[in-house]
Amino acid sequence: MTDRRILVTAALPYANGQIHIGHLVEYIQTDIWVRFQKLRGNRTVFFCADDTHGTAIMIRAREEGRTEEEVIAEMSEAHQRDFAAFGIEFDNYGSTNSPENRELCNGIWKSIREAGLVKEEDRRDLYDPEANLFLPDRFVRGTCPNCHAVNQPGDNCSKCGSTYSPPELIDPRSVISGAVPEAKMMPHALIELERLHDFLEEWSQSGKHLQPEVANNLRGQFLGDPDSEDGAKELRDWDVSRPMPYFGFEIPDFKGNGWYVWFDAPIGYMASTKQWCDRTGENFDDWWKSDDAEIHHFIGKDITYFHTLFWPGMLKTAGFSLPEKVHIHGFLRVDGEKMSKSQGTFIMASTYLNHLEPDYLRYFYASKLGPGLGDIDLNLEEFVNRVNSHLVGNIVNLASRSAKFVSGGTLCEEYPDDGGLFTAAVAKADQIAEFYEQCDFASATLEILQLADEANRFINDRAPWKLKKDPEKAEEVRQICSIVLNLFRQLAVFLQPVLPKLAEQAGELLNAPISNWDDAKTPLTGTPVSEFKHMMQRITKAQVDTMVDESVVEEPADEGSADNESPWNDGPEALEAEPMTEECTIDDFVKVDLRVARVIEAKDVPEANKLLNLTLSLGGGETRNVFAGIKAAYKPEDLVGRLVVCVANLKPRQMKFGLSEGMVCASGPGKADVFLLDVDDGAVPGQRVH
RNA sequence: GGGGCCAUAGCUCAAUCGGUUAGAGCAGCGAACUCAUAAUUCGUUGGUUGCAGGUUCGAGUCCUGCUGGCCCUACCA
């Protein structure tokens with residue numbers, strides 16, 4: 001053990017949704033860093049919790065007819081199951097809705113009050129009289145006062161881009177109940193952050209706690225240069241209360257109001273620590289009020305302000321330790337674009353697990369993550385290539401091509417001359433460790449891969465498979481394999497933070513568990529070599545494709561309400577929602593074989609939210625099995641017998657519920673607003689549409 | 001509207017303080033090898049560093065403007 005003591009947190013996932021592969025960037029990154037610190041012998045603890053408070057949870061609980069507690073308990077279990085499956089090991093996983101958190105919130109709030117940072121003032125809130133709750137702006141929709149686009153969110157118009165406040169909307173409606181929200185002036189408690197200006201400037205600009213891009217952003221945004229023309233900019237008051245009813249802790253000296261979720265969420269880091277302390281007998285203050293313990297937060301760039309302004313301000317005021325470092329990462333993109341439900345790239349952790357090993361993703365993210373906060377791209381083709389060539393072809397292959405020559409025997413009693421390979425890798429250990437320390441996992445894995453290349457070159461040059469034919473050279477074969485297996489083990493140590501399972505397997509193969517970074521510094525000698533078992537399978541593109549197909553969710557359409565306009569004065573909404581595509585030729589058009597078809601069978605797909613399973617007849621016994629997303633709009637029994645238009649030559653697509661061999665033509669935004677194409681009397685199945 | 005970050009090979013990314021001929025991996029192409037999970041090794045193709053200027057002996061790197069992307073924020077910035 002060294003004397004470093006490190007407390008690490010990852011951001012608290014919100015209890016309103018499942019973990020997806022975007023979340024996993026952060027948890028995998030953090031877990032790798034934590035495992036690295038543990039492997040180095042640093043005393044490291046890793047805490048997380050579910051973020052449970054707020055209006056969204058309230059609404060969800062009501063919709064489902066359950067209590068908030070039931071909703072968050074179920075979600076917490078699901079989150080922890082996903083994390084565990086990806087090898088993410090927390091020392092404690094708590095909840096912001098815990099007694100520990102309430103007590104800590106009370107204490108910190110008291111300090112902030114006593115420091116004179118709290119002021120109370122009336123602010124405008126929107127009240128939904130039917131649902132009996134206050135609405136955040138995004139829960140109100142109405143007609144844009146500027147361009148009159150219907151069904152726009154409460155804060156800005158997606159059509160014309162203008163901004164406004166919800167009361168300015170024409171015909172504002174609560175998205176919960178449809179009621180007209182009432183604007184009420186309600187008391188709020190605000191923290192006067194500007195009073196902490198000097199402290200925050202010093203802390204954020206010190207160069208020690210934040211990545212330079214983040215510090216620059218804060219400076220430009222808030223802190224400014226007092227000597228410049230603009231002068232220092234003022235930090236705005238932070239509204240930390242919400243009028244009840246609100247799912248959250250009631251503020252003890254401000255009855256009828258709860259803390260805004262972002263007040264109690266980071267305190268959840270502490271509450272989780274507290275639970276761990278109570279369980280293990282550790283002393284809470286040794287971690288949160290000690291100069292000897294480092295606190296590291298890992299977060300996404302979207303929640304920067306909460307962790308770099310509000311949170312340090314709260315900690316400072318309440319007399320707790322400040323973060324040693326806030327590590328901020330970018331978002332995940334898939335194939336260069338935002339994750340998309342309709343493209344199938346919004347992949348849930350649980351869906352991923354149905355098809356692929358967690359370690360593939362751990363490795364891939366590691367190989368892409370640098371110290372900066374740019375977005376990282378999960379290019380699916382690259383994912384397959386990288387895992388197969390780096391991990392299976394290069395690293396695991398080292399064991400695969402050497403172990404069987406010595407299985408059942410032992411490694412050499414003395415480490416043979418390897419031309420300096422092992423020592424050269426030892427010499428790189430510190431550099432690799434530094435990359436890990438700086439969260440530059442991409443550089444770390446690159447270095448490790450180069451070592452694997454050298455080891456592969458070595459075995460190629462020495463060709464033990466040739467020597468094996470000569471019984472007199474058995475000892476030389478054993479020497480070569482002892483070297484290669486030791487080089488492999490070295491790589492397994494270096495990769496242990498990323499691939500803990502591989503390190504375990506390497507330990508089993510050579511009958512010497514890997515438990516410390518320094519295990520890479522001394523060659524193993526004389527230990528028995530177990531029989532070689534495959535450690536990792538290659539990925540096929542088909543596995544990835546199936547995962548994507550299973551992730552496809554049809555986009556929920558905007559619930560655009562019909563206008564009360566004259567029958568011929570058709571609105572522009574439909575065309576705007578789906579702009580015209582580029583011009584095509586007649587040759588392009590004839591590629592699509594549209595046919596009249598009769599629905600001869602229509603079945604509900606019980607497990608699917610939106611799909612009906614149709615059997616279409618093209619006449620003469622020719623049929624197509626089709627899954628159509630029209631469940632909300634049509635009943636199966638109403639469809640049987642009717643004629644539709646279908647794409648008859650569409651490449652069949654494997655869906656979760658079966659093979660879909662075509663498409664039924666329909667218009668409309670989705671859900672109940674789907675309108676099947678009809679044909680006039682006289683048409684018969686099998687006729688082509690020209 | 002204000003602010004921040006970014007733009008380098010087909011793709012994903014490097015390039016120290018401004019310093020030689022801008023490097024890797026993957027993909028592609030050619031060969032060797034056959035122990036290994038179609039793995040490995042060697043060779044090789046591929047670049048007007050987004051655009052236009054400027055500073056400098058020298059610019060991917062610094063400055064100005066433009067274009068494009070991402071993020072934050074907004075009658076306050």
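We name chains A, B, ... by the order of the sequence lines, and we start the count at 1 in each one. All figures in this text were calculated on a predicted structure; none of them were measured in a lab. We use all heavy atoms of the structure for the numbers below, so side chains are in, but hydrogens, waters and symmetry mates are not.
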Closest listed nucleotide, where the reference is the side chain of [X] and the choices are [options]:
X      : options             : answer
A/N385 : B/U37, B/C26, B/C72 : B/C26
A/D377 : B/C5, B/C35, B/C13  : B/C13
A/K338 : B/U40, B/C13, B/C71 : B/C71
A/R236 : B/C26, B/U37, B/A77 : B/A77
A/S400 : B/C35, B/U37, B/C11 : B/U37
A/N216 : B/C11, B/G4, B/U73  : B/G4
A/N456 : B/C71, B/U41, B/A36 : B/U41
A/R401 : B/U34, B/U40, B/G3  : B/U40

Taking any strand in view, what nucleotide pairs with [N] in a Watson-Crick or G-U wobble way, both distances under 3.5 Å?
N     : value
B/C17 : none
B/G1  : B/U73
B/C42 : B/G30
B/A22 : none
B/U64 : B/A52

Between the protein and nucleotides 42-47 of chain B, are there any N/O to N/O pairs under 3.5 Å, and if so, what are the atom names and distances?
from: B/C42; atom 1: OP1; to: A/R457; atom 2: NH1; distance (Å): 2.7

Heavy atoms only, 4.0 Å cut-off, all strands: where does [X] land among base, sugar-phosphate and nothing?
X      : value
A/K466 : sugar-phosphate
A/N397 : base
A/V214 : nothing
A/G374 : nothing
A/R333 : sugar-phosphate
A/N460 : base

Are [X] and [Y] side-chain neighbours, meaning at least one heavy-atom pair lies under 4.5 Å?
X      : Y      : value
A/Y365 : A/I32  : no
A/I21  : A/V334 : yes
A/L449 : A/I395 : yes
A/M536 : A/K501 : no
A/R386 : A/Y360 : no

Nearest-Å distance, [atom1] ([X]) to [atom2] ([N])?
X      : N     : atom1 : atom2 : answer
A/I459 : B/C33 : CD1   : P     : 18 Å
A/H329 : B/C72 : NE2   : P     : 13 Å
A/H534 : B/U37 : NE2   : C1'   : 5 Å

Rounding to the closest angstrom, what is the interatomic distance between [N] and [M] at atom [atom1]?
N     : M     : atom1 : result
B/U34 : B/A15 : P     : 40 Å
B/C26 : B/G43 : P     : 14 Å
B/A22 : B/C63 : P     : 23 Å
B/C11 : B/G54 : P     : 30 Å
B/U20 : B/G65 : C1'   : 32 Å
B/G3  : B/G23 : C1'   : 34 Å
B/G25 : B/G69 : C1'   : 25 Å
B/C71 : B/C13 : P     : 16 Å

Task: A/S367 versus A/T445, closest heavy-atom pair with distance - done: CA-OG1, 3.5 Å
Open item on the list: Closest-nucleotide mapping onto RNA chain B: is A/E381 or A/G393 further toward the 5' terminus? I mean the 5' end.
Closed with: A/E381
Task: Residue closer to the 5' end of RNA chain B, A/F532 versus A/Y305 (nearest nucleotide) - done: A/F532
Task: Residue A/K316 excluded, over 12 heavy atoms near NZ under 6.0 Å - done: no
Open item on the list: Would you say that more than 12 heavy atoms from the other residues, nucleotides or ligands in this model lie under 6.0 Å from the CD of A/E381, or not?
Closed with: no
Under 3.5 Å, sequence neighbours excluded: what are the donor-acceptor pairs made by side chains of residues 182-190 of chain A?
from: A/H188; atom 1: ND1; to: A/D239; atom 2: OD1; distance (Å): 2.9
from: A/H188; atom 1: ND1; to: A/D239; atom 2: OD2; distance (Å): 3.0
from: A/H188; atom 1: ND1; to: A/S241; atom 2: O; distance (Å): 3.1
from: A/H188; atom 1: NE2; to: A/D125; atom 2: OD2; distance (Å): 2.6

TODO: Answer yes or no for A/K404 and A/F532: cation-pi contact, defined as NZ/CZ to six-membered ring centre under 6.0 Å and angle to ring axis within 45°.
DONE: no
Task: Lys NZ or Arg CZ of A/K301 over A/F331 ring: under 6.0 Å, within 45° - done: yes
TODO: Ignoring backbone atoms, establish whether A/K404 has a side-chain N or O less than 4.0 Å from OP1 or OP2 of B/A36.
DONE: yes
Open item on the list: Check for me whether the distance between the ring centres of A/H327 and A/W33 falls short of 6.0 Å.
Closed with: yes
Might you list the N or O atoms of the protein lying below 3.5 Å from N or O atoms in nucleotides 23-25 of chain B, with each pair's distance?
from: B/G25; atom 1: O2'; to: A/H390; atom 2: NE2; distance (Å): 2.9

